[in-house]
Undergrad: 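Dumping the structure here so I can ask a few things about it.
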2 protein chains.
Amino acid sequence: MGASIQDVAERAGVSIATVSRTFTLPDKVLPETRKKVLEAARELDYTISRSASALKSGKSSRIAFLTGGELDSWYDSHVLAGLNSILHDEGYDIPLYAVSDVQERHAFFSDMSIKRNADAVMVVSFQISHTEADKLATTGIPLLGINTEPIPEFSATVGIDETSSMELVVNHLFNQGHRSIAYVCLDPDTESFKWNGRARLQAFLSSCSKLGDQVEPTVIHAPKDETRADYALSQLSRMNRPPTAVICMNDEYALPLIFCMQRSGWMVPRDMSVVGFDDSTYAREIGLTTIHQDPYEMGRSAATTLLGLLAGQEPSESVRIQPSFLAVRSTTAPPEH
Amino acid sequence: MGASIQDVAERAGVSIATVSRTFTLPDKVLPETRKKVLEAARELDYTISRSASALKSGKSSRIAFLTGGELDSWYDSHVLAGLNSILHDEGYDIPLYAVSDVQERHAFFSDMSIKRNADAVMVVSFQISHTEADKLATTGIPLLGINTEPIPEFSATVGIDETSSMELVVNHLFNQGHRSIAYVCLDPDTESFKWNGRARLQAFLSSCSKLGDQVEPTVIHAPKDETRADYALSQLSRMNRPPTAVICMNDEYALPLIFCMQRSGWMVPRDMSVVGFDDSTYAREIGLTTIHQDPYEMGRSAATTLLGLLAGQEPSESVRIQPSFLAVRSTTAPPEH
DNA sequence: TTGAAAGCGGTACCAC
DNA sequence: GTGGTACCGCTTTCAA
């Protein structure tokens, strides 16, 4: 159906080698010849075949995107958009490996269909084990982490500083006078493959302990489903000395919790301060105090780093900390005594 | 680096043809032989090369995903997740063609890099022109629409019934006693390539006119950016006889509008009823009355249809209407006189 | 059932 | 600067 390089060569009266060069190394072709070829190509509506050039050149032109769970989170889909905004134009596809249960996870790392079929792997928000990372490393292709633990197997990692971000939050609340703070999150051990679940929890505990005995931390493991806000609220209510502030693992926990509180007659921040993480959809409009970060830019940053790596450059820094800051808005206030 | 089909053949003591068959047509290989091959493959950590098989078989194993604007909308990213949940396992990649300005749009349809490099095109939420559709049709590959106008060039279209969904909304408000209703949307002619912008606006106007002179419709074109809610509210405020209800083109307009109203001291639904479209993130938690639809399922539905098409089946129905319904919650109520 | 062999459509090396 | 050509790794007749 479509014209091949042969057809173009004949029409332009040159060899296929020249046609190939015209597209891949235009400088090595006489402007005049190039013009002829380009014209012939246009007339025949010729497009280069990805599979053919991939086969011959030995590069798959695919960057695997590995993530835990369906690609439905605000964070991951923005990372993807950012990656694609750069990699697409460079000729890369981004196959999506969304492993959402242990079987899929095991399958991914055992058949390793990625081998020879990807030029790099982006590990996104995924709590990868060392065995798994080792397995990936045997491919010899660059491994990049976005929103993951910076492990030695990765050529580079892009993310925010979880520890200092959480410290910003805890200190903000502490400075407002809060002395009992709850952290609401998924149970990182059972409910999810996401890395930041674990990292943020640890950061919360360490931030509190830095303040010594002055702050009493509580951890509430909420379920993943729609009942998470109700569950968290009921847990808070039944404590005999409830905290005065709640930090949520992300906005997707914080916002429903706020709505739920309002329906139950609690005033935010009067009765309870609430902080989120991410500064995602509606956070600004609602006035949520939250940690701001930009996953789209992280995707772009990772893509740029990767392109350098693929071009043979050494990564200038193996861990790239992206900016994040505490957006103080109207869901936090000093506690009423 | 990686083992090739040659290596496996040698190790298993068979020809490469047999190795190939073992993976693509296992039934045509003696169980005994198959076992040998599979074992050799495992020992060598062999994975089939996608580019090689793509080249030889003439199929690209790519399904192009064409959408207007960055892939950051709730709707589009859920469609993608749904598509990928089926197509990935079938061995398809889904390259993302996100055209967000006129240049990119023009480039996409003029270089047609998709030609010979995609087995099908998914047109998602995109207001495609007839010229463009014709151009795509010259590739001869299946064209599917998701959340698009059902045009003859498409083999199939998946979406909700925009007209009847909007009628559900308008009639709900009418039955509550609303007689002056505003519709808030992007200006479909200038601000976006998204199809439903146009379709919903038309549906709004026709739904109102079906009720004759009894309902007075107003259309407010709001900007795309963060000021959209403020802008819409200011437009509403300056009307000398403001409507009693507002329908928004989607939840991403409705929710900020509600927050904005609350900040300005308006009570929803007492002072103004608000309806959204999509039933997306937080809509349920906030109690937004909205049209519910499931883009993830639409993606899966379209993927299934496509696989049938690719397997040579005729599509059973060229337009597939996915279920949608009005979720009546707490942002609509009879108007106070 | 299995093997031999002819490509699929490019790329890149080597002459000229 | 351009052309000839040997592959890249697989799929798929066609014979055996």
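The sequence lines fix the lettering, A, B, ..., with proteins before strands; numbering per chain opens at 1.
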Undergrad: Quickly work out the A:Q6 CD to D:dT5 C1' distance and round it to whole Å.
TA: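 After rounding, the reported distance stands at 12 Å.
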Undergrad: Please classify the nucleic acid contact of B:F23 as base, sugar-phosphate, or nothing, using heavy-atom distances under 4.0 Å.
TA: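 The answer is nothing, as B:F23 stays clear of every strand by at least 4.0 Å.
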Undergrad: Taking all non-hydrogen atoms of both residues, which atom of B:L136 and which atom of B:F108 are closest, and how far apart?
TA: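 So the minimum-distance heavy-atom pair works out to CD2-CE2, 4.1 Å.
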Undergrad: Could you pull out the closest heavy-atom pair between B:Y92 and B:R62, with the gap in Å?
TA: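 The pair with the smallest heavy-atom distance is CD2-N, 3.9 Å.
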Undergrad: Any base atoms under 4.0 Å from A:V14, or only sugar-phosphate, or nothing? Heavy atoms, all strands.
TA: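 It contacts sugar-phosphate atoms only.
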Undergrad: Among residues 30-39 of chain B, which residues get a heavy atom nearer than 4.0 Å to DNA chain C?
TA: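 B:L30, B:T33, in order of number.
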Undergrad: After noting the C-alpha distance and the side-chain angles of B:F23 and B:L38, does the key distance pass the side chain to side chain contact (heavy atoms under 4.5 Å, CB included) rule?
TA: CA-CA 9 Å; B:F23 289 104; B:L38 256 19; 4.0 Å; yes
Undergrad: Once rounded to the nearest 0.5 Å, what's the spacing between atom CG of A:L143 and atom CD1 of A:I151?
TA: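 Rounded to the nearest 0.5 Å, the CG-CD1 separation comes to 7.5 Å.
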Undergrad: Could you check how far CD of A:E10 sits from C1' of D:dT2, rounded to whole Å?
TA: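 Computing the A:E10:CD to D:dT2:C1' distance gives 17 Å.
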Undergrad: Quick one: B:I48 CD1 to D:dG9 C1', roughly how many Å, whole number?
TA: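 Answer to the nearest Å: 10 Å.
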Undergrad: Do the side chain of A:D101 and the main chain of A:Q103 share a donor and acceptor less than 3.5 angstrom apart?
TA: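 Judged by distance alone, yes, a pair lies under 3.5 Å.
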Undergrad: Please tabulate, one pair per line, each protein N/O and nucleotide N/O from nucleotides 12-16 of chain D that are separated by under 3.5 Å, including the distance.
TA:
none

Undergrad: Five pairs at each end of the helix from C:dT1-D:dA16 to C:dC16-D:dG1: take the axis at both ends and give me the angle between them to 10°.
TA: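 The angle separating the two end axes equals 30°.
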Undergrad: Nearest to the side chain of B:S4 - C:dG10, D:dG4, D:dG9?
TA: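 So the nucleotide nearest the side chain must be D:dG9.
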Undergrad: Mind checking A:T47 for me? I need base, sugar-phosphate or nothing, with any heavy atom below 4.0 Å counting as a touch.
TA: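 It contacts sugar-phosphate atoms only.
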Undergrad: Within the 4.5 Å heavy-atom criterion, are A:V14 and A:K36 side-chain neighbours or not?
TA: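 They are in side-chain contact.
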Undergrad: Taking A:V124's backbone N and O only, do any of them form a donor-acceptor pair with A:T67's side chain (distance below 3.5 Å, no angle check)?
TA: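 Yes: the side chain of A:T67 pairs with the backbone of A:V124.
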Undergrad: Decide side-chain hydrogen bond (donor to acceptor under 3.5 Å, both in side chains) for B:S61 and B:R50; before the verdict, give the C-alpha distance in whole Å, the side-chain angles of both, and the deciding distance to 0.1 Å.
TA: CA-CA 8 Å; B:S61 294; B:R50 292 176 60 94; 4.6 Å; no
Undergrad: Please give, in whole Å, the distance from D:dC7 P to B:I5 CD1?
TA: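 Nearest whole value for this atom pair: 18 Å.
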Undergrad: Charged N to carboxylate O below 4.0 Å: is that the case for B:R300 and B:D294?
TA: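 No.
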Undergrad: Rounded to the Å, how far apart are A:K28 NZ and C:dC14 P?
TA: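 My rounded result for the distance is 13 Å.
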Undergrad: How close or far is atom C1' of D:dC8 from atom CG of B:L55, stated in whole angstroms?
TA: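 Spelled out: CG on B:L55 to C1' on D:dC8 is 9 Å.
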Undergrad: Do A:Q127 and A:E149 have side chains that get closer than 4.5 Å, going by heavy atoms?
TA: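 In contact.
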Undergrad: Checking the side chain of A:D7 only, and the main-chain atoms of A:S4 only, is there a donor and an acceptor separated by less than 3.5 Å?
TA: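 Here the side-chain-to-backbone pair exists.
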Undergrad: How many Å lie between NZ on B:K115 and P on C:dG9, as a whole number?
TA: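 Those two atoms, NZ and P, are 14 Å apart.
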Undergrad: Would you say B:S49 reaches D:dG9's phosphate, i.e. side-chain N/O to OP1/OP2 under 4.0 Å?
TA: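 For D:dG9, OP1/OP2 do not have a side-chain N/O of B:S49 under 4.0 Å.
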Undergrad: Measure from the side-chain N and O atoms of A:K135 to the backbone N and O of A:F109, and report whether any donor-acceptor pair falls under 3.5 Å.
TA: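 Confirmed, A:K135 side chain pairs with A:F109 backbone.
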Undergrad: To the nearest Å, how far apart are A:D7 CG and C:dG10 C1'?
TA: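 The distance from CG of A:D7 to C1' of C:dG10 comes to 13 Å, rounded to the nearest Å.
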